[in-house]
Protein chains: 2
Amino acid sequence: MSSQNIPTRDRILKSTWQLLEAGNGSAVRMSDIAKAAKISRQALYLHFPNRADLLTATTRYLDEVHDIDAKLAKSRSAASGTQRLEAWVETWGNYIPTIFGVAKALMAMQETDEEAAAAWNDRICAIRDGCEKAVQALKADGALTDSMSEVEATDILLTILSVRNWEQLRIDCNWTQARYIDMMQQLAAQALVKS
Amino acid sequence: MSSQNIPTRDRILKSTWQLLEAGNGSAVRMSDIAKAAKISRQALYLHFPNRADLLTATTRYLDEVHDIDAKLAKSRSAASGTQRLEAWVETWGNYIPTIFGVAKALMAMQETDEEAAAAWNDRICAIRDGCEKAVQALKADGALTDSMSEVEATDILLTILSVRNWEQLRIDCNWTQARYIDMMQQLAAQALVKS
DNA sequence: ATTCTGACTTGACACGATGTCAATATAGAT
DNA sequence: ATCTATATTGACATCGTGTCAAGTCAGAAT
């Protein structure tokens, strides 16, 4: 059950990712994934109990492949609070494109599917944690604005850095990734750093 | 076709709104609406060709009922650019709760339904227009920041004021409506107004 | 008084997507 | 030669949207 099915399972995850990436998030059916992975639709259910599980497994797969932990470690080593904020915005902001397809599918499912909601919420918590750490670093430097609490600052940062906002600016408004990162760093600093 | 069916049609729109408002946006089926309006599910299709049309008709109905044009006129009469920005953020930000249910349903449909996407896009254009006018007022006052173009400033404002962001802060993070308005005004001013 | 019309009802059905089940095939390990 | 894991095929249940056909029913026109 856990040992030798690696090739097929991997092929499924890879196909899922590629389809979601290409199709920009929507309208990827289980049958599409099966076709791409060159197995029958029913065989998918031998590897993943349902669509929500497949999608969350895909995000974990992406985290592994891109070694997101290592990237986060880098941003944690920033000297000052403001530098740490900048680094965090950059790291997360540059990771969004990779997971966007899966994230969008998961967000869409979340509305109807309990399990998908939980899975996505789990991801959000991880991101929130990154935001919180950045806010705490600012606070420690005495650089956090007086106009809001640490929790509020975290809420705001999390909101600014949402996948939906990335989608709106990058895709709907056609911004470049560089411009997006730049502006988000500006926006975050203006909102959180004491002037 | 257009004269005496007002009561039923109105009852449908009202029921739709109430259900979407109460159910916080999701899982409202045509049959639910029919039941609430006390007609058969099939009779719904005598009044609206499909779900997307019903939802967009509901937004128009809400616009009428709440006389949104009058409220917008007020914010247009602000003296300075910065005041106008403040007024716009307040007006739109305070209108979001009213339309949130319908908006969320429409946004969810948009992913799969071409017509729903067009309808929602139409609404977005109207909001974008409000953002653009505020940016232009700032520009006219010479108060627009140098760090971005008018288009970029509009993009940013539209993004900050998105329904999704409202949802995240108001519902997920449990902010009060007053705090939300306050912080969005701050955020918008910091981002757009020359310091 | 009868007929016509418009709004509505009931009941049946097609479609697309997810998920399940049973029966069968096939390759590799023992 | 057989056992087991992995797949396959095909059928089917469920849910929601949207369509179709046939019939009810009240009120207006003649």
Side-chain angles (χ1 to χ4, degrees), chain A residues 1-16 19-20 23 25-58 102 104-119, chain B residues 1-16 19-20 23 25-58 102 104-119:
Chain A
M1 175 177 174
S2 67
S3 49
Q4 251 65 21
N5 44 353
I6 295 160
T8 306
R9 196 189 143 92
D10 251 50
R11 222 170 50 239
I12 294 173
L13 292 170
K14 209 167 185 173
S15 301
T16 306
L19 283 180
L20 286 169
S26 74
V28 173
R29 293 161 296 248
M30 293 299 265
S31 54
D32 296 328
I33 296 170
K35 202 184 294 175
K38 301 192 178 185
I39 55 173
S40 68
R41 183 177 73 86
Q42 287 78 347
L44 272 185
Y45 291 96
L46 298 175
H47 294 268
F48 304 93
N50 53 52
R51 208 179 111 100
D53 263 52
L54 171 54
L55 292 179
T56 68
T58 307
V102 195
K104 185 153 187 186
L106 218 38
M107 287 188 293
M109 260 196 103
Q110 178 192 16
E111 246 94 292
T112 58
D113 187 297
E114 203 54 45
E115 196 185 350
Chain B
M1 174 175 173
S2 67
S3 48
Q4 252 62 22
N5 45 352
I6 296 162
T8 307
R9 195 189 144 93
D10 251 49
R11 223 170 50 239
I12 294 173
L13 292 171
K14 210 168 185 173
S15 301
T16 306
L19 283 181
L20 286 170
S26 73
V28 174
R29 293 163 294 251
M30 293 298 266
S31 54
D32 296 326
I33 296 169
K35 202 184 297 174
K38 301 190 179 187
I39 54 172
S40 67
R41 185 177 72 86
Q42 287 77 350
L44 273 185
Y45 292 96
L46 297 176
H47 294 267
F48 304 93
N50 53 52
R51 208 178 111 99
D53 263 51
L54 170 54
L55 292 180
T56 67
T58 306
V102 196
K104 186 154 183 184
L106 218 38
M107 286 189 293
M109 260 196 102
Q110 178 192 21
E111 245 94 292
T112 56
D113 187 298
E114 203 54 44
E115 196 186 349

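Lettering follows sequence order; numbering is per chain, from 1. The shown structure was predicted, so the numbers you read here are calculated from the model rather than taken from an experiment.
Scanning for side-chain contact (heavy atoms from CB on, under 4.5 Å) contacts around B:Ala36 gives B:Ser15, B:Leu19, with sequence neighbours left out. With sequence neighbours excluded, the residues satisfying salt bridge (Lys or Arg N to Asp or Glu O under 4.0 Å) with A:Asp32 are A:Arg29. A:Phe48 is linked by a side-chain contact (heavy atoms from CB on, under 4.5 Å) to A:Arg9, A:Ile12, A:Leu13, A:Leu54, A:Ala57, counting only residues two or more places apart in sequence or in another chain. Residues satisfying the side-chain hydrogen bond (donor to acceptor under 3.5 Å, both in side chains) test with B:Asn50, not counting sequence neighbours, are B:Glu115.
Nearest approach of B:His47 to B:Thr8, heavy atoms of both residues: NE2-CG2, 3.7 Å. When all heavy atoms of A:Asp113 and A:Ala52 are compared, the closest pair comes out as OD1-CB, 4.2 Å. The minimum heavy-atom distance between B:Ala119 and B:Thr56, with the atom names listed, is CB-CG2, 2.9 Å.
Between the CG atom of A:Leu46 and the P atom of C:dT20 there is a distance of 11 Å, given to the nearest Å. Atom pair A:Ile33:CD1 and C:dT18:P shows a separation of 8 Å (rounding to whole Å applied). The distance from atom CZ of A:Arg51 to atom P of C:dT20 is 15 Å, rounded to the nearest whole Å. Between the C1' atom of C:dT18 and the CG atom of A:Asp53 lies a distance of 14 Å, rounded to the nearest Å. Atom CE of B:Met109 and atom P of D:dT17 are 8 Å apart (whole Å). Put simply, CD on B:Glu115 is 13 Å from C1' on D:dG18, counting in whole angstrom units. In this structure, A:Leu44 places its CG atom 13 Å from C1' of D:dT8, rounding to the nearest Å. Atoms CD1 (B:Ile12) and C1' (C:dA7) sit 11 Å apart, rounded to a whole Å.
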> Would A:Leu55 and A:Met109 count as a side chain to side chain contact (heavy atoms under 4.5 Å, CB included) if you check the C-alpha gap in whole Å, the side-chain angles of each, and the deciding distance to 0.1 Å?
Replying inline: CA-CA 10 Å; A:Leu55 292 179; A:Met109 260 196 103; 3.8 Å; yes

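In this structure, B:His47 reaches the C:dC8 phosphate: one of its side-chain N or O atoms is under 4.0 Å from OP1 or OP2. The side chain of B:Ser31 contributes no N or O atom lying less than 4.0 Å from OP1 or OP2 of D:dG16.
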>> Does the protein touch nucleotides 20-25 of chain D at the base, only the backbone, or not at all? Give it as B, S and - per nucleotide, heavy atoms under 4.0 Å.
In response: B-----

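For A:Arg41 and C:dG19, a side-chain-to-base donor-acceptor distance below 3.5 Å is present, hydrogens and geometry of angles not being considered.
For B:Ser40, the listed nucleotide lying nearest its side chain is C:dT9; candidates were C:dT18, C:dC8, C:dT9. In this structure, of D:dG18, C:dC8, C:dG19, it is D:dG18 that holds the atom nearest to the side chain of B:Tyr45. Comparing D:dT17, D:dT8, C:dC8 by their closest approach to the side chain of A:Ile39 singles out D:dT8.
Each end of the helix from C:dA1-D:dT30 to C:dA29-D:dT2 gets its own axis, taken as the rotation carrying the C1' atoms of four end pairs onto the next four within a five-pair window, and the two axes meet at 20° to the nearest 10 degrees.
If you run side chain to side chain contact (heavy atoms under 4.5 Å, CB included) between A:Glu111 and each of B:Lys104, B:Met107, B:Glu111, only B:Lys104 comes through.
DNA chain C is contacted by both A:Met30 and B:Ala43; B:Ala43 maps to the nucleotide lying nearer its 5′ end (nearest heavy atom per residue).
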Can you give me every donor-acceptor pair (side chain of residues 37-44 of chain B, partner residue at least two apart or in another chain, under 3.5 Å) with its distance?
| residue | atom | partner | partner atom | Å |
| --- | --- | --- | --- | --- |
| B:Ser40 | OG | B:Ala43 | N | 3.3 |

